[in-house]
Structures are given as structure tokens and as C-alpha cells.
Protein chains: 2
Amino acid sequence: MPRSHGRRATLVHPDADEFDVLDVLHALADPTRMTIVRTLRADPERACGTFPVDVAPSTLTHHFRVLREAGVIRQREDGNRRWTALRFEDLEDRFPGLLDTIVSAYGRQTGSATT
Amino acid sequence: MPRSHGRRATLVHPDADEFDVLDVLHALADPTRMTIVRTLRADPERACGTFPVDVAPSTLTHHFRVLREAGVIRQREDGNRRWTALRFEDLEDRFPGLLDTIVSAYGRQTGSATT
DNA sequence: CCTCTCTTTCGACAAACATCGTACATGGGT
DNA sequence: ACCCATGTACGATGTTTGTCGAAAGAGAGG
């Protein structure tokens with residue numbers, strides 16, 4: 001059976017000038033994804049499995065895709081692992097102050113110091 | 001038939017210290033609701049039917065409820081009309097800079113000057 | 001080659017969501 | 001009293017979403 005697409009599906013990352021702020025807001029309006037982003041705001045890059053979230057691996061993959069397609073994160077392959085990083089510069093370029101304002105609003109709400 | 005609840009259902013508005021930033025983001029991650037908010041950012045208060053959106057009246061009521069329950073807008077009765085205003089001070093108090101950063105990001109994206 | 005770990009894809013499911021049409025309530029005019 | 005304008009509530013519908021488990025791919029190491 002012609003399984004045309006190998007598993008390494010060449011991760012799709014939108015260009016910075018294609019970002020849609022509504023997609024970014026939607027991507028961030030979820031506790032699991034917000035945790036991912038906050039974790040990345042502290043660490044520059046992490047392997048997929050090392051995030052302090054409590055969902056099944058396949059669910060995590062789903063959340064990464066939402067974030068990636070909104071332009072919030074970038075993922076790259078390294079052997080068996082997939083590394084995830086914030087696209088902070090790109091976001092800052094297109095929507096200045098947006099990410100930090102949102103992240104620090106969440107930090108204020110939860111009482112944690114993230115800024 | 002005991003139709004216990006009169007139509008005037010005493011509009012529910014959360015206190016500012018109950019705002020959830022995830023709810024606010026979700027409320028704003030919709031084009032219709034974003035249009036409502038941007039319109040209110042320019043005008044202090046408007047009647048429900050005067051927003052430049054293209055949805056059915058009942059759909060509009062739904063969007064107002066989402067915004068209201070997230071703490072983004074306040075609504076008050078006046079005779080037959082319902083007036084809608086941004087809860088800008090309350091939002092600013094709880095999540096400094098959040099609303100304007102988001103609204104101006106959207107403005108930047110659509111090319112309109114909203115800041 | 002075989003196995004173990006990491007991560008993805010697929011299929012399924014229930015819950016939430018945006019949308020609408022219809023019916024109804026309220027209040028202002030005539 | 002009647003009608004019209006404004007806006008809501010309800011019920012229905014189709015779509016999106018978050019979640020999972022099972023199966024499988026890819027690389028590392030024995």
C-alpha cells in the first residue's frame with residue numbers, strides 16, 4: 001500500500017507575516033498549551049516529553065500542532081527526539097508585546113512570577 | 001405554566017478579581033467578538049443593534065454573553081435597549097496592558113489604526 | 001536483529017461552539 | 001389598545017475541540 005508520506009512529515013511552520021492573532025489567542029486559550037508556552041518562556045528549548053503537563057502523549061502532540069500552526073512554537077528533529085522552542089522573535093516582530101503581556105497576565109492570575 | 005424567569009434575567013457580571021485570562025483570550029479569539037471589542041474601544045457605549053457585524057440577532061446575543069461572562073463588557077438596561085460598554089478599567093486593573101496589546105495586534109494585522 | 005524509548009498517526013468519542021429560525025417579552029408610539 | 005422595534009430564550013444543526021487508546025515509525029544500543 002503506497003503510504004506516500006513518511007512519518008517525518010516535514011513540520012509545517014507558517015511565516016511570521018502569515019500569523020493570525022486570532023489563531024494565536026486561540027492557541028493560548030487552553031491551560032495545557034499555556035503551560036507549554038510558560039515553560040518555554042523560561043527554558044529556551046525542551047524535548048517534547050519533558051513538559052510538566054498531565055495529558056496523554058497523543059494529546060500533547062495535538063497541542064504542539066495547534067501551537068506550531070499558529071506560529072507560537074518551532075519544532076526540530078534531533079535523532080529520536082523532537083525539540084520545541086518558542087518563536088519569540090517572530091512573534092515579537094509581528095505582534096509586539098503580545099506574548100509577554102499574555103504570559104504575565106496568566107502569571108499574575110496564578111500567582112507565579114513568570115516575567 | 002410557571003414561567004418563573006422573566007426575560008430581564010439580571011445580567012451576570014463577574015467581579016474583576018474573578019476574571020480568568022484564559023476566558024478572556026477565548027472570548028477575543030473570534031472575529032465577531034473582536035469586532036465588537038474594537039468598536040467599543042473607539043466608542044464608549046453602544047446599543048446592541050449598532051455593531052458593524054454580520055450575524056443574526058440571536059447569534060449576537062450569544063457573543064455578548066461570552067464577552068460578558070469573561071468580564072470584557074458590561075451591559076445595562078435602558079428601556080427597550082441594552083447598552084454595551086467595555087470594562088476597560090477592570091481589565092486594566094487585573095491584566096495591565098492586555099486588552100490594548102491584543103486590540104492593537106489585531107489592528108496591525110488588519111492594517112487598521114485602532115491604537 | 002531485536003528491543004526499548006520517544007513521538008506520531010489514526011480512529012473514536014463526548015463536550016463545547018457558532019450559527020440560525022422561531023417564538024416571545026418589553027417598552028415606546030400612535 | 002394596538003403595533004412596531006429591540007433584543008432574548010429555546011431548540012436544532014453542523015463543526016471544531018480536547019481527550020484518549022491502539023498501532024506504528026524511527027533511532028539508539030545491545
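Order of the sequence lines sets the chain letters (A, B, ...), proteins ahead of strands, with each chain counted from 1. These values consider heavy atoms only, across backbone and side chains, with no hydrogens, waters or symmetry-generated copies.
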Starting at [atom1] of [X] and ending at [atom2] of [N], how long is that distance when rounded to a whole Å?
{"X": "B/F64", "N": "D/dT6", "atom1": "CZ", "atom2": "P", "answer": "14 Å"}
{"X": "B/R81", "N": "D/dT6", "atom1": "CZ", "atom2": "C1'", "answer": "7 Å"}
{"X": "B/D78", "N": "C/dG27", "atom1": "CG", "atom2": "C1'", "answer": "11 Å"}
{"X": "A/L67", "N": "C/dT8", "atom1": "CG", "atom2": "C1'", "answer": "16 Å"}
{"X": "B/E77", "N": "D/dT8", "atom1": "CD", "atom2": "P", "answer": "8 Å"}
{"X": "A/L22", "N": "D/dT16", "atom1": "CG", "atom2": "P", "answer": "16 Å"}
{"X": "A/L60", "N": "D/dT17", "atom1": "CG", "atom2": "C1'", "answer": "16 Å"}
{"X": "B/D23", "N": "C/dA16", "atom1": "CG", "atom2": "P", "answer": "13 Å"}

(message) Side chains of A/R68 and A/T84 only: does a donor on one sit below 3.5 Å from an acceptor on the other?
(response)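 The answer is no; no qualifying pair exists.
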
For the residue pair A/H13 / A/R74, report whether a side-chain donor-acceptor contact shorter than 3.5 Å exists.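 There is no such pair (donor and acceptor under 3.5 Å, judged by atom type) between the side chains of A/R74 and A/H13.
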
Please write out the pairs of protein N or O atoms and N or O atoms of nucleotides 18-20 of chain D separated by less than 3.5 Å, giving the distance to one decimal.
| residue | atom | partner | partner atom | Å |
| --- | --- | --- | --- | --- |
| D/dG18 | OP1 | A/R33 | NH1 | 3.4 |
| D/dG18 | OP1 | A/R33 | NH2 | 2.8 |
| D/dG18 | OP2 | A/R33 | NH1 | 3.2 |
| D/dG18 | OP2 | A/H62 | NE2 | 3.2 |
| D/dT19 | OP2 | A/H63 | NE2 | 2.5 |
| D/dC20 | OP2 | A/A56 | N | 2.9 |
| D/dC20 | OP2 | A/T59 | OG1 | 3.0 |

Does the structure place the NZ or CZ of B/R41 under 6.0 Å from the centre of the six-membered ring of B/F88, at an angle of no more than 45° from the ring's axis?
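Ring-cation test returns yes.
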
### Message
Can you see whether B/Y106 has B/R38 sitting over its ring - NZ or CZ less than 6.0 Å from the centre and within 45° of the normal?
### Response
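No, B/R38 does not sit over the ring of B/Y106.
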
Checklist entry - Any Lys/Arg nitrogen of B/D43 or B/R46 sitting under 4.0 Å from an Asp/Glu carboxylate oxygen of the other? => result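 Yes, this pair counts.
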
message: If you compare every side-chain N and O of B/R82 against the phosphate oxygens of D/dT6 (OP1, OP2), does one of them come in below 4.0 Å?
response: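 So the side chain of B/R82 is outside the cut-off, no N or O lying under 4.0 Å from OP1 or OP2 of D/dT6.
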
- Message: What verdict does the side chain to side chain contact (heavy atoms under 4.5 Å, CB included) test give for B/V66 and B/H62, after you've listed the backbone C-alpha separation in whole Å, the side-chain angles of each residue and the deciding distance to 0.1 Å?
- Response: CA-CA 6 Å; B/V66 173; B/H62 159 71; 3.8 Å; yes

- With distance as the sole criterion, do the side chain of A/N80 and the base of D/dA28 form a donor-acceptor contact below 3.5 Å?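 It does not, because no donor-acceptor pair links the side chain of A/N80 to the base of D/dA28 below 3.5 Å.
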
